[in-house]
Amino acid sequence: MSVVIKDLSAHIGESVALEGWVETTRSHGKVAFLILRDGTGVVQGVVLKKAVDDATWEAHGSLTQESTARVVGRVKQDDRAPGGFEVEVESLEVMALAEEYPIQPKEHGVDFLLDHRHLWLRSSQQRAGLKVRSEVQQAIHDFFYRRDFTRIDTPILTGSIGEHAGTLFETDYFGDPAYMAQTGQLYVEAACPAFRNVYCFGPTFRAEKSKTRRHLTEFWMVEPEVAFADSEDNMRLQEEFVSYLVERALENCAEELKVLERDTSKIDHVKPPFPRLSYTDAVARLTERGHDVTWGDDLGASDEAVLTEDYDLPLFIYNYPKEAKAFYMKENPDDPRTVLCDDLLAPEGYGEIIGGSQREDDLERLRERIREEKLPEEAYAWYLDLRRYGSFPHSGFGLGVERTVAWITGRHHIRELIPFPRLMNRLYP
Ligand code: NSS
């Protein structure tokens with residue numbers, strides 16, 4: 001039976017079989033080497049001509065980059081070897097010879113790499129980034145499970161626009177328009193009176209026409225919704241949640257963060273409380289620094305970058321002007337020009353990773369906001385029902401997984417933190 005590379009430490013001195021893909025080979029006369037990757041790790045195999053039969057020696061000679069092979073050999077501890085082990089090959093069998101592999105150990109342009117994303121996934125930094133993503137996703141579920149949240153799967157095909165009309169993917173639903181979900185929020189709100197605290201976690205879609213380092217057209221978002229929580233409670237939950245995700249990545253992905261050359265001193269102190277700045281104070285600070293921003297505008301990426309410069313923790317900007325935000329946010333009783341909401345901005349220029357708010361729970365005010373935004377009222381009849389039958393204060397937020405993992409791993413562009421990125425100009429592979 002074959003073993004996997006990450007378990008080799010339990011087999012020192014034993015002869016084991018390994019199956020995997022060949023990254024490189026080299027040969028010096030009567031001794032040859034191969035680097036084998038099996039998805040759990042990478043190990044060097046050493047082939048001595050005198051110790052193997054001709055078939056194995058020839059098989060090694062025929063190996064090309066990314067060929068699949070089955071190797072039988074004795075496990076030896078070797079601190080100089082990558083991973084700390086070496087395998088003295090006894091026999092080697094080629095399972096599939098690979099054609100000339102397009103990705104070579106040299107610099108390739110990013111368009112070339114994205115065209116070959118199905119192969120690029122195998123590269124060490126891509127593997128490391130996606131491992132951290134997987135850990136963060138597991139941590140998301142663990143966090144909410146431990147706090148007794150119920151997971152609600154929300155629809156991807158929807159009739160009601162979740163955020164705003166600008167970035168919709170529309171499709172034909174038996175003659176009627178349907179939209180790919182921009183958010184699951186309206187549906188988790190409906191699930192609160194059934195389960196109290198809930199969350200959804202899935203892909204969301206926005207026809208973003210921007211080609212920036214932080215926009216995808218399909219991205220994953222986790223959205224908790226909490227009954228009887230106000231905006232303050234909401235921010236407290238966000239800072240605890242984000243701190244937990246960072247902690248889990250540091251705890252379980254040390255190797256991956258090393259491969260990514262992440263300076264972990266930039267994130268190892270991420271703990272509540274996070275600093276808070278009101279939108280109005282943020283605009284004043286930006287104006288002081290010479291930014292051309294008017295009260296009422298949403299904040300752009302360059303504004304966010306300036307605001308976060310002063311902090312080494314994520315920064316809350318709270319209570320934005322009504323017109324800059326979505327229709328469902330609750331009016332601020334202390335300043336009705338604003339709504340009870342927050343954006344959480346990650347440091348080091350990563351910018352917004354969370355958008356959250358207390359929800360408008362007043363039926364008439366919500367109806368008015370739907371009209372002001374010129375959204376089709378009929379499509380929200382069911383949503384308005386939630387304010388008719390037992391309205392309640394509630395709050396929630398959405399955290400973008402790719403942006404969060406890009407910040408944790410220190411990668412520049414979020415497209416590397418999703419296995420198959422969907423971008424404005426990219427639907428393949
Ligand atoms: O539009 S958000 O700010 N908020 C919502 O969708 C709310 N419905 C969430 C809620 O309260 N339940 O998006 C939330 C986050 C945002 O902070 C980003 O981290 C991420 O979703 N996001 C994106 N990530 C990647 N690409 C794109 N285009 C994108 N848009 C938002």
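Nothing fancy with the numbering, it's 1 onward along the sequence. The figures here come from the full heavy-atom set of this structure, side chains too, leaving out hydrogens, waters and symmetry mates. All ligand and atom numbering here is 1-based and tracks the order in the structure.
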- Message: Quick test of your reading of the model: are Arg426 and Asp111 salt-bridged, counting only N-O distances below 4.0 Å?
- Response: yes

Expected list for residues 306-316: side-chain donor-acceptor pairs under 3.5 angstrom, two or more places apart:
from: Thr308; atom 1: OG1; to: Glu304; atom 2: O; distance (Å): 2.9
from: Thr308; atom 1: OG1; to: Ala305; atom 2: O; distance (Å): 3.2
from: Asp310; atom 1: OD1; to: Arg289; atom 2: NH1; distance (Å): 3.4
from: Asp310; atom 1: OD2; to: Arg285; atom 2: NH1; distance (Å): 3.4
from: Asp310; atom 1: OD2; to: Arg289; atom 2: NH1; distance (Å): 3.4
from: Asp310; atom 1: OD2; to: Arg289; atom 2: NH2; distance (Å): 3.0
from: Tyr311; atom 1: OH; to: Arg285; atom 2: NH1; distance (Å): 2.9

Can you produce the list of protein nitrogen or oxygen atoms under 3.5 Å from a nitrogen or oxygen of ligand 1, alongside each distance?
from: ligand 1; atom 1: 1 (O); to: Arg206; atom 2: NH1; distance (Å): 2.7
from: ligand 1; atom 1: 1 (O); to: Arg206; atom 2: NH2; distance (Å): 3.3
from: ligand 1; atom 1: 3 (O); to: Glu352; atom 2: OE2; distance (Å): 3.2
from: ligand 1; atom 1: 6 (O); to: Glu163; atom 2: OE2; distance (Å): 3.2
from: ligand 1; atom 1: 6 (O); to: Arg206; atom 2: NH2; distance (Å): 2.8
from: ligand 1; atom 1: 8 (N); to: Glu163; atom 2: OE2; distance (Å): 2.5
from: ligand 1; atom 1: 8 (N); to: Thr183; atom 2: OG1; distance (Å): 3.0
from: ligand 1; atom 1: 8 (N); to: Gln185; atom 2: OE1; distance (Å): 2.7
from: ligand 1; atom 1: 8 (N); to: Glu223; atom 2: OE1; distance (Å): 3.3
from: ligand 1; atom 1: 8 (N); to: Tyr328; atom 2: OH; distance (Å): 3.4
from: ligand 1; atom 1: 11 (O); to: Gln185; atom 2: OE1; distance (Å): 3.4
from: ligand 1; atom 1: 11 (O); to: Arg359; atom 2: NH1; distance (Å): 3.2
from: ligand 1; atom 1: 11 (O); to: Arg359; atom 2: NH2; distance (Å): 2.9
from: ligand 1; atom 1: 12 (N); to: Glu223; atom 2: OE1; distance (Å): 2.7
from: ligand 1; atom 1: 12 (N); to: Arg359; atom 2: NH2; distance (Å): 3.4
from: ligand 1; atom 1: 12 (N); to: Phe397; atom 2: O; distance (Å): 3.4
from: ligand 1; atom 1: 17 (O); to: Glu352; atom 2: OE2; distance (Å): 2.5
from: ligand 1; atom 1: 17 (O); to: Ile353; atom 2: O; distance (Å): 3.4
from: ligand 1; atom 1: 17 (O); to: Ile354; atom 2: N; distance (Å): 3.3
from: ligand 1; atom 1: 17 (O); to: Gly355; atom 2: N; distance (Å): 3.4
from: ligand 1; atom 1: 19 (O); to: Ile353; atom 2: O; distance (Å): 2.9
from: ligand 1; atom 1: 19 (O); to: Gly400; atom 2: N; distance (Å): 3.3
from: ligand 1; atom 1: 26 (N); to: Leu216; atom 2: N; distance (Å): 3.0
from: ligand 1; atom 1: 28 (N); to: Glu208; atom 2: OE2; distance (Å): 3.1
from: ligand 1; atom 1: 28 (N); to: Leu216; atom 2: O; distance (Å): 2.9

By side-chain hydrogen bond (donor to acceptor under 3.5 Å, both in side chains), Glu170 pairs with (sequence neighbours left out) none

Practice item. State plainly whether the residues Glu251 and Arg248 are in salt-bridge range, i.e. N to O under 4.0 Å. Key: no

Side chain to side chain contact (heavy atoms under 4.5 Å, CB included) filter on Pro376, not counting sequence neighbours, yields Glu378, Ala379, Tyr380

Item to complete: Go through the steps for Thr338 and Asn332 under the test side chain to side chain donor-acceptor pair (under 3.5 Å), then give the verdict.
Response: CA-CA 6 Å; Thr338 64; Asn332 178 3; 3.1 Å; yes

